[in-house]
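Have a look at the structure below before the remarks.
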Amino acid sequence: MELDSLYQEVILDHYRTPLNKGLSSEKDIQVHHNNPSCGDEVTLNLTMKDGFVKQITWDGVGCSISMASTSVMSDLLSGKEYQQAMKVLEAFVELMQSKGQSKGDEELLEDGVAFAGVSKFPARIKCALLGWMAFKDASTQVMA
Amino acid sequence: MELDSLYQEVILDHYRTPLNKGLSSEKDIQVHHNNPSCGDEVTLNLTMKDGFVKQITWDGVGCSISMASTSVMSDLLSGKEYQQAMKVLEAFVELMQSKGQSKGDEELLEDGVAFAGVSKFPARIKCALLGWMAFKDASTQVMA
Amino acid sequence: MSADLSVYKKDFPIFSRSVRGGNPLIYLDSGATSQKPEVVIQAEADFYRTKNAAVHRGAHLLAEEASDAYESARENVARFIGAASSEVIFTKSATESLNFLATSFGNPDSGIAVKPGDEIVVTEMEHHANLSPWQQLAKRTGAKLTWLSITAGGRLDLSNIDQVINSKTKIVAITHQSNVFGTVVPIDLIVKAARNVGALVVLDACQSVPHFAVNVKQLGVDFLAFSGHKVLGPTGIGVLWGKSELLEKLEPAIFGGSMVDSVTMDGATWAQTPRKFEAGVPNMAQAVGLSAAVDYLTKIGMPNLAQHEHKLTEELLAGFKEMKEVTVVGPLDMKDRGGVVSFTVDGVHPHDVGQVLDQYGIAVRTGHHCAWPLMKKLNLVGTTRASFHLYNSSEDVSSLLKAVEKVTQYFKVSK
Amino acid sequence: MSADLSVYKKDFPIFSRSVRGGNPLIYLDSGATSQKPEVVIQAEADFYRTKNAAVHRGAHLLAEEASDAYESARENVARFIGAASSEVIFTKSATESLNFLATSFGNPDSGIAVKPGDEIVVTEMEHHANLSPWQQLAKRTGAKLTWLSITAGGRLDLSNIDQVINSKTKIVAITHQSNVFGTVVPIDLIVKAARNVGALVVLDACQSVPHFAVNVKQLGVDFLAFSGHKVLGPTGIGVLWGKSELLEKLEPAIFGGSMVDSVTMDGATWAQTPRKFEAGVPNMAQAVGLSAAVDYLTKIGMPNLAQHEHKLTEELLAGFKEMKEVTVVGPLDMKDRGGVVSFTVDGVHPHDVGQVLDQYGIAVRTGHHCAWPLMKKLNLVGTTRASFHLYNSSEDVSSLLKAVEKVTQYFKVSK
Ligand SMILES: Cc1ncc(COP(=O)(O)O)c(C=O)c1O
Ligand SMILES: Cc1ncc(COP(=O)(O)O)c(C=O)c1O
C-alpha cells in the first residue's frame, strides 16, 4: 500500500521511542518552532562546542512524521562538525523536495532515508522538516 | 427606431427649452439631489401656500431625460393641491416602473406620458425620476 | 423517515473523479468548504459568457443586464435568510464580513462606535474569524474582550451569562454552530441577555446557513455573516447582513468607486446601504453563482437537508460509541447539534488519522480547525473532523467507520 | 505593422450574442471591465469540478491539489509582473488592495506607519479607489493629503513636483495610466522624486497591467495594485504586490483563519507574507482563473497587444479630429498614452451619447468614471469613454465614428 512508503517501520519506531526527547538543563540556545497549519510544535535545546554540535535535545507534540523526523535529526547531527551538519541538513531538504524521485543518500542520511516517501505527500513535507528547521535556526544563531 | 420611443419629440423640446429653469429668489425650501452613478444634479426651490404648490423653480445639469423630466414636473405640479400633486407623482413613478407595459394616464400626466418609453431602459429611470424625487423630498419637508 | 437525497450527488461533478489509491471520493470536509453542483458552476460561467459588464456604471445593455443579474442575486440571497435585500451586502467571505463590522465599529465617525471601557463578548469556541477581528477592535479602541466559556460536554457555559453580558457590553459576537463540536448555540438566550443590557448581537452563521433554515427576523440578531463557498456557492463571495437602521449608522470599512454620493479632493460622502459597503467593481459572477446555490438548496428544501445530516450524524456517533479507541469531542447526543463530528483516536495524532483516511479516499479535516484557544482549553493538539452535506450517505459513514478501524490497526493502538 | 489579433475575438464567447436592436456587440468598455476568454471561464469551472477544497488546511488529496493550484497561480501571476511569488497577495479587487495598504499604514503597530504631519501625495486624476482610502488614512492619522495637478492637455503637471513631494512626504499613491485620459504617467520621474525624500511609491496599475508589459522591478515602485477582471480574468480577485521587506513591516488589514502563527484568547501573532494578508478561505477558483488569463495574455504577447491598441487609438483620434462637434478630453497625440479615449459631443450629454451608441450595439462608459474631482476641475459633467482591448478591431473604430456622427444628427447638433 502507498501508505507504507510514507510510514516506514523506522519512522514508526522513532515515533514510539524517540531519541533525545526531554530538554537538557544546559544549552547555548533554545528555539521554539511550530507549524500553524497543523499545530505541531518543537522546542529544541542546542549546545555547540568548538564548531561541533555537542548536544541536541528537544520536546514537542505533533504527528508521527514530525516527531520521528526530529528524533532522527537529533541523533544524526549530534557530534557532527557544523558544516557537515549543514550538509546533511541540505541533503535532507533536497530529499523532501524530490517528489518521490530520490531515495536519498544513505551514507549521509542514515535513518533519514526512511523519509523519502514523505516527499510524495506535499502536505507532510512541512511536518518532516519541522525539527530540522528548528536546528537550522538555532545553529545559525549560535554560529553568528 | 427603438430610440425614438425613448427620445420623444416632447422630451427633446423640454430639454432644449426647459420650463421654470432658474432659481427663484423666494422659497420655502431648497433641496439638492444628485445621481451619483451618472453625476446628474438638480437644485429645486419650492414655495407652498395654503396646501397648494405655489412655485417650483430649479436648476441643474444632466442628460436630456433628467432635465426634460424636471421641466415637465415643474410645469405640471405648479398650482396643484399637495395631495393631487402627490397623486400625479405616484402615477409618474408607476409609469416608470411599468417596463414598457403602460402608456400612462394622459389626463393626469399630460406631457409626462412622453416618458413612457423610458421605462424600457432601466438605467434611465433614475434620470427621469431625479427632479420628481427632489420635489417629493422638498414638499414632504414643507408639509411635515 | 428522512428524504432520500442520494439522487442529488450526481449534480456534483467532482464525484466523478477518483482520488488516492484509485478510490472514489468520500468527501467529509464540507465544514471547510462545500462541493459545487453543476448549476452553480454554470451560473458563474454564463454570467461571463452572456452579460459580463461592470454593474451600476454603464449606459449600455450589457451593463443593464449585469446590474439586473447582480441585484436579483441580492434579492434572492436576502429571501433565503428572510431579510430585506437592501440589508444584504456582498463581501468576499465571512471573514471579510466580520472584519467589516469590527472596522466600522472601530471608526469613531460611526453612529455606533466602540469606546474605551466597552466590553465585547465572544465565546471560547469561536473560529479565528470571529475572534481575531474583535481582539483587534478591543486593542484599537481600549475596549475589553471577554468571553463565555464552554462546558466539558462541548456546550456553551451559560451559568454566568448575566455577569459576562453586562451593562458594559456593547457587542456579543457568537457562532451559530461550532465548527469544531457541531454544537448549535441557543441564540434566543444570547439575544435575550444582550437585549437586557442594550448590546448588539453579531452572529457567525458560517456553519448554520449551509445546513438548516436560518431566518434573521426569527433569530432576532442584529448582524449575520456567512460564506458562499460553504453553502454550495462559489469561492470569493460572502454575505454580511445587518438591520438597515444599524447599517446606516456605520461608516464603511473600505473606500473606492460606486460607494460614494459625492467626492472632492478633500473628502467624500457615501451612498446608501448596501452600496456604501461595496466599493469597487463587485464580485458579480460570484454573486450570481451564490444565487444559483441558494435556489438549488431551496428546491431541495433546507428541512430535508437538515434531517438528512441529522441522520448521518446519528449513525456516525452510534458507530464511534462502539469503538473504544475513539473519543468524540463535543456533544454525544443529537440535541442542538449539527453534522460536524470531531474525534480523536488514542495514540494516533490527528494528522496521521487523516493520512490513513485519505488513503481510502476519505477527505476529512485534521488539526485545530482555526480554533486554537479552544484546542488549548481542551488540552488537545487537534482533532479529526468529519462534516456532512447533502451529497453524503450512510455508505460514507460506514466507510469512515471502517477506515478508522484500520487506523487503529495500522498504528497498533490498543487500550 | 501591428500583429493581426482579430483571430482571438472568437475565444470570447460573449461576442456570439447580439445586443440592442439585434446588433452584434461592439464592446468599447474594457476600461470598466474586460471580457473573458473561454479558457479563463473553463479554468474556474475546472477548479470546482476537479479539485475544489480549502487550501492550506486539509490533509487530503483534494486539499493538496487545491493548494498546489492556488500557489501555482500565485507564482504565475508573480512571473507576469516580474515579482517574487512571496510578494504577491491575492485580494478581492484593486480597491481592496489599495485599502489594505491604507489600513496597514494607519495601524500604529506597523513598522511603517503614517503619523500626524506626514504628507500623502496623490494626483488630481486618481480613480476614487486610489483617492478615498488615502483621504481616510489622512483623516484617521492626522496626516495631510496633497496632490499633483493636471495640465490642460490631460497630463500630470510636474512643474512643482519638488514642492509637492517633499521631506514630509511618506507615500506617493499614483495611477500608472489614467482611466479617464489614457495618459501614461512618467513613473520614473515620480520614483526619483520619492526616492530623493525617502517616500514610498504605491502604483495603481489597474489600467496598465491589462494593456502593456509591466515589470515591478523595472518600475522601481514599492507597491502595486491591479484587478483581475480588467485583465481578462474573473471578477472577485485582485492583486497587491509589495516589496517583501516592506510587507513584513506592515500589520495585516483583516484578521481570521490561515493568517496566524498562533492564537490565544488574548491575542495572536501572524504568519509570514503573503499568508498574513490572506485571512479566511481564499478566492481559490478566481486565482486559478486569473492565472489562466495571464497565460493567455502571455501567449498573445503583451507588446503585440499594446501595439494593437496603439493602432486603434490612433485611428480613433484621427477620426475624431475630423468631427467638429467632438472634443477629445486628454492627450491628442500618441506619446505616452494608452487605449482609453474620453470625449464630449457639443450640446449632447454623455448619457445621451451613450444611449444612442447603445442602440447601435456599441458599449461605452459615460459619466465621471469614478474621478469626480477631475471632472469638476475640467468643468465637465462627464465624458463618453471608449476603451480598447485585444478583441477590438478597426471596424469597431469605424462603427463608433459613424455612430457618433448619428448622435450629432439625432440631437440636431450644429456648431
Ligand atoms: C485607475 C483605476 N483604479 C482603480 C480601479 C478600481 O478597480 P476595482 O473596481 O476593480 O477594484 C479602477 C477600475 O474601476 C481603475 O480604472
Ligand atoms: C464558524 C466559522 N466562522 C468563520 C469561518 C470563516 O469563513 P471564511 O474562511 O469563508 O471567511 C469559518 C470557515 O472557515 C467557520 O467555520
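Convention: sequence-line order gives letters A, B, ...; per-chain numbering from 1. In this text the structure is predicted, and so the values were computed from the model without any measurement.
For chain D, the nearby part of C:Y27 is the side chain; its heavy atoms alone come within less than 4.5 Å. For D:V353, no part sits under 4.5 Å from any heavy atom of chain C, backbone or side chain. Interface remark: D:W134 contributes no atoms to any contact with chain C (heavy atom separation under 4.5 Å). Proximity to chain D involves both the backbone and the side chain of C:L61, based on heavy atoms less than 4.5 angstrom apart. Heavy atoms closer than 4.5 Å to chain D are found nowhere in C:E126, neither backbone nor side chain. Interface residue C:Q135: only side-chain heavy atoms are found under 4.5 Å from chain D. Of the atoms belonging to C:V40, not a single heavy atom falls under 4.5 Å from chain D. Proximity to chain D is absent for every atom of C:F15, based on heavy atoms less than 4.5 angstrom apart. Heavy-atom distances place no part of C:K377 under 4.5 Å from chain D, backbone and side chain included. With a threshold of 4.5 angstrom between heavy atoms, C:P282 approaches chain D through N, CA, C or O but not through any side-chain atom. With a threshold of 4.5 angstrom between heavy atoms, D:L98 does not approach chain C through any atom at all. Heavy atoms closer than 4.5 Å to chain C are found in both the backbone and the side chain of D:Q35. Within the 4.5 angstrom heavy-atom criterion, atoms from both the backbone and the side chain of C:I254 approach chain D. Proximity to chain D (any heavy atom under 4.5 Å) is shown, for C:L357, by neither the backbone nor the side chain. The contact between C:R17 and chain D is made entirely by side chain atoms (from C-beta outward), counting heavy-atom distances below 4.5 Å. With a 4.5 Å cut-off on non-hydrogen atoms, C:T123 touches chain D through its backbone but not through its side chain. Interface residue C:N283: backbone and side-chain heavy atoms are both found under 4.5 Å from chain D. In this structure, the portion of C:Q136 lying under 4.5 Å from any heavy atom of chain D is its side chain and not its backbone.
The candidate from C:R385, C:E38, C:H368 with the greatest count of non-hydrogen atom pairs under 4.5 Å with chain D is C:E38. Put simply, of C:E251, C:E65, C:E124, C:K230, the one with the most heavy-atom pairs under 4.5 Å next to chain D is C:E65. Counting heavy-atom pairs under 4.5 Å between each of D:H127, D:E96, D:K51 and chain C puts D:E96 at the top. Of the listed residues D:I362, D:T95, D:T384, D:N99, the one with more heavy-atom pairs under 4.5 angstrom with chain C than any other is D:N99. Options C:A279, C:A102, C:A253, C:S93 differ in how many heavy-atom pairs under 4.5 Å they form with chain D, and the most are formed by C:A279.
The minimum heavy-atom distance linking D:T50 with C:I14 is given by the pair C-CD1, 3.8 Å. Taking every heavy atom of both residues into account, D:A363 and C:H60 meet most closely at CB-CG, 3.4 Å. Pairing each heavy atom of C:P13 with each of D:R49, the nearest pair is CG-CG, 3.7 Å.
Among residues two or more places apart in sequence or in another chain, the side chain to side chain contact (heavy atoms under 4.5 Å, CB included) test is passed with D:S18 by none.
Chain C is approached within less than 4.5 Å, heavy atom to heavy atom, by D:G257, D:S258, D:V260, D:D261, D:S262, D:V263, D:T264, D:M265, D:D266, D:G267 from residues 257-267 of chain D, ordered by number.
Here C:K92 contributes atom NZ and D:F90 contributes atom CZ; the two are 11.5 Å apart, rounded to the nearest 0.5 Å. Note: C:H229 NE2 to D:Y48 OH = 10.5 Å, rounded to the nearest 0.5 Å. Atoms CD1 and CZ, from D:I41 and C:F47 in turn, are 11.0 Å apart once rounded to the nearest 0.5 Å. Of the inter-residue distances, the one linking D:K139 atom NZ with C:D109 atom CG reads 4.0 Å to the nearest 0.5 angstrom.
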